[in-house]
There are 2 protein chains.
Amino acid sequence: MDEAVPRRRTRIQAEKREVILGAALEVFSAHGFRGATIDQIAEAAGMSKPNLLYYFRRKEDIHTALIQRLLDTWLAPLREMDAAGDPVTELRSYIRRKLEMARDFPRESRLFANEILQGAPRIMPLLEGELKDLVDEKVVVLRGWMRAGRIARTDPWHLIFAIWATTQHYADFDVQVRAVLGPDRGGDGRFEDAARFLEQLFVNGLKPGG
Amino acid sequence: MDEAVPRRRTRIQAEKREVILGAALEVFSAHGFRGATIDQIAEAAGMSKPNLLYYFRRKEDIHTALIQRLLDTWLAPLREMDAAGDPVTELRSYIRRKLEMARDFPRESRLFANEILQGAPRIMPLLEGELKDLVDEKVVVLRGWMRAGRIARTDPWHLIFAIWATTQHYADFDVQVRAVLGPDRGGDGRFEDAARFLEQLFVNGLKPGG
DNA sequence: TTAACGTTTGTCCGTTCGGTCAAAATTCTG
DNA sequence: CAGAATTTTGACCGAACGGACAAACGTTAA
């Protein structure tokens, strides 16, 4: 087996690849795939371009490596939504966790958003596979709660979309949010305000019999 | 006055500029500012690159022209939200109109999203000026409705963000929405489903005393 | 008809891009 | 320490990029 990038064995390999992925996350999330340059990533990673290309042969390899490792983290909150739990508690904590991710990992959110916005050319299989499967599974859970009369009957798919949209908005559209809120209201408190609002919106919006 | 681009007098000037803006909308919304090339836009507009550069001297000029003319259309639905109207009706039709725009003008939505995602380097003044002013104005309207007990007391800014996020999601994340819904549910009906869901969510979520 | 003005094009330029390569420097292993 | 393997670098390449320019082509109005 003629490996192009040497088999990942050494300590240096692991460390440098980590540094590169960190730098690439910064650059890709800020400029998109085409907008990001290898030189930018190399500079952010503190190494020369050929050195970077020694660890990842092509620009696209960095990008796919990033997305691959991200997906699990990203879907974890939804995975944790438990059919056996209390629906309101489950939804509430799902929203809270997604909002925390928007606050703590905005670059990851923007990396995804950039990719989807431009037609998901590099991750379409993931969307139609892993992501769709997970959503289908949770749709069943939501339907169960609806049939049991524990939350209002409504479209479970669009409910999930609404949670995604409202939470990720605070990462993806952060500059707009801060611009509109202004200096006073746009401080660190905006995430708590958002959490309170979204909790109220979804909990009341999904009250059974609504 | 030494004008670089000839003063817009002729019929051809007006027509060609229109064609270029249409082509540029297509290309910019699909690839972002940096990802789009002048050649792509020229080809989509059916003319040579130098010919295109005769009407717009620089790539950035096309982009700013696009955004400038877009902003009015884009904010029109919010502008129409009338303090004198019935709150539920006003909110419902605001949501419906925003959703129609996501359906009918997805490229415009993605153009904005691309710009915001990458830090709004070219439209920050618009966000802090015109956009913020309009939101501030409508926040007063929402606050009035809340004080009158006609909708639930909640954070008016985040309410507006939630409406933006949920509606624009169907334009900006269209490929993801369709991938998750699959071929059967992802057809043209998805906008009506979304409208029904969002109406229910926001109307119930904002019931007074909630 | 012709001169002025508006439009279009082929060609070219300097820069930046993604990526290669051979050689040098470093680290690892016996 | 010696030699093998790994890591780093400077120099370089072809393609694509944004943009410039003069010449050619159309159009129009005196």
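In what follows, chains are A, B, ... by sequence order, proteins preceding strands, each numbered from 1. It should be emphasised that the depicted structure is a prediction, and the values quoted were computed from it without experimental measurement.
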Check: In terms of side-chain geometry, is the basic nitrogen of B:Arg185 or A:Asp136 positioned less than 4.0 Å from the acidic oxygen of its partner?
Finding: no
Next item on the list: Check the surroundings of atom CZ in B:Arg69: do more than 12 heavy atoms from other residues, nucleotides or ligands lie under 6.0 Å from it?
Entry: no
Check: B:Ala42 near the nucleic acid: base, sugar-phosphate alone, or nothing, with a heavy-atom cut-off under 4.0 Å?
Finding: nothing
Note to self: Nearest whole Å is fine: how far is C:dT15 C1' from B:Ile38 CD1?
What the structure shows: 14 Å
Notebook entry, point to check: Atom CZ of B:Arg34 to atom P of D:dC17: distance rounded to whole Å?
Noted result: 12 Å
Item checked: Euclidean distance, atom CD1 of residue A:Ile20 to atom C1' of D:dT8 [Å, nearest integer] -> 12 Å
Check: Does OP1 or OP2 of D:dT6 have a side-chain N or O of A:Gln13 closer than 4.0 Å?
Finding: no
Item checked: A:Ser48 side-chain proximity, nearest of D:dT9, D:dG19, C:dT9 -> D:dT9
Notebook entry, point to check: Under the 6.0 Å and 45° cation-pi test, does A:Arg103 pair with A:Tyr170?
Noted result: no
Next item on the list: Hey, can you tell me if A:Phe161 and A:His158 have their rings parallel, tilted or perpendicular (30° and 60° cut-offs)?
Entry: perpendicular
Checklist line | D:dA20 OP1/OP2 closer than 4.0 Å to side-chain N/O of B:Lys49 | finding: no
Notebook entry, point to check: Is the number of heavy atoms from other residues, nucleotides or ligands under 6.0 Å of B:Phe191 CZ greater than 12?
Noted result: yes
Margin query: Of the listed nucleotides (C:dT7, D:dG18, C:dT20), which one gets closest to any side-chain atom of A:Leu53?
Written below: C:dT20
Check: Whole Å only: how far is the NZ atom of B:Lys59 from the C1' atom of D:dC17?
Finding: 8 Å
Next item on the list: Look at all strands and tell whether B:Thr37 reaches a base, only sugar-phosphate, or nothing, counting heavy atoms closer than 4.0 Å.
Entry: sugar-phosphate
Item checked: Whole angstrom value for the distance that separates C1' of C:dA23 from CG of A:Asn51 -> 15 Å
Check: To the nearest Å, how far apart are B:Tyr54 OH and D:dC21 P?
Finding: 16 Å
Note to self: Expressed as a whole number of angstroms, how long is the span from B:His31:NE2 to D:dA16:P?
What the structure shows: 15 Å
Next item on the list: Send over the distance from B:Arg57 CZ to C:dT8 C1', rounded to a whole Å.
Entry: 18 Å
Next item on the list: For B:Pro50 and for A:Phe33, locate the closest nucleotide of DNA chain C by heavy-atom distance; then report the residue assigned to the nucleotide nearer the 5' terminus.
Entry: B:Pro50
